[in-house]
Amino acid sequence: GLCLAQPGVEYVVYVRTGGVPTVDLAAAKGKTLKVRWYDPSQGQFHLAERIDGGSSSQQFIPPFQGDAVLHLKSVAEVDENSDECLRGRR
């Protein structure tokens, strides 16, 4: 897959069908991260449990079949009403 990151703050990972990404979250040590998945075939977000950062090899399993986008963001940085990162700006 492909990953864009501002280490310790925000991560966006494109996952191909059947993929199980492993993300290095060492830079997010001491932070809580909001986790959500985007299903590009359905145009829908799926929220997941928040996690603690710090692991150098955190594995994530998509909650649906097909291509997926994993979005992780430090809770300190989250604007709960903003999806601009994955929707694009219009």
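All values derive from a computational prediction rather than experimental measurement.
Going from atom OG of S57 over to atom CG of L25 covers 9.0 Å, rounded to the nearest 0.5 Å. Expressed to the nearest 0.5 Å, how far CD1 of I51 lies from CZ of F60 amounts to 3.5 Å. Between the CD atom in E49 and the CG atom in L33 there is a gap of 13.5 Å [rounded to 0.5 Å]. To the nearest 0.5 Å, the span separating CZ on R16 from CG on L2 amounts to 6.0 Å.
Two different hydrophobic clusters hold Y11 and V9 under the rule that ILVMFWY side chains link at heavy-atom gaps under 4.5 Å.
More than 12 heavy atoms of other residues, nucleotides or ligands sit less than 6.0 Å from atom CD of Q59.
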Exercise for review: Please lay out, stage by stage, how H71 and E10 fare under the test side chain to side chain contact (heavy atoms under 4.5 Å, CB included).
Suggested key: CA-CA 8 Å; H71 182 223; E10 187 168 20; 2.6 Å; yes
Point to revise | Stepwise side chain to side chain contact (heavy atoms under 4.5 Å, CB included) check, V13 with L72 | key: CA-CA 9 Å; V13 182; L72 308 168; 5.7 Å; no
Check your understanding: Would W37 and L47 count as a side chain to side chain contact (heavy atoms under 4.5 Å, CB included) if you check the C-alpha gap in whole Å, the side-chain angles of each, and the deciding distance to 0.1 Å?
Key -> CA-CA 6 Å; W37 290 90; L47 292 177; over 6 Å; no
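Taking the six-membered ring where the residue is Trp, Y38 and F45 present tilted rings, their angle falling between 30° and 60°.
Here the shortest heavy-atom pairing between K34 and R50 reads CA-CG, 4.1 Å. In terms of heavy atoms, G8 sits closest to K31 at O-NZ, 2.9 Å.
Applying the side chain to side chain donor-acceptor pair (under 3.5 Å) rule to T17 yields the partners D67; only residues at least two apart in sequence or on another chain are considered.
Taking the centre of each ring, H46 and F64 come in below the 6.0 Å mark.
Residues P21 and L70 are in side-chain contact: their nearest non-hydrogen atoms beyond the backbone lie under 4.5 Å apart.
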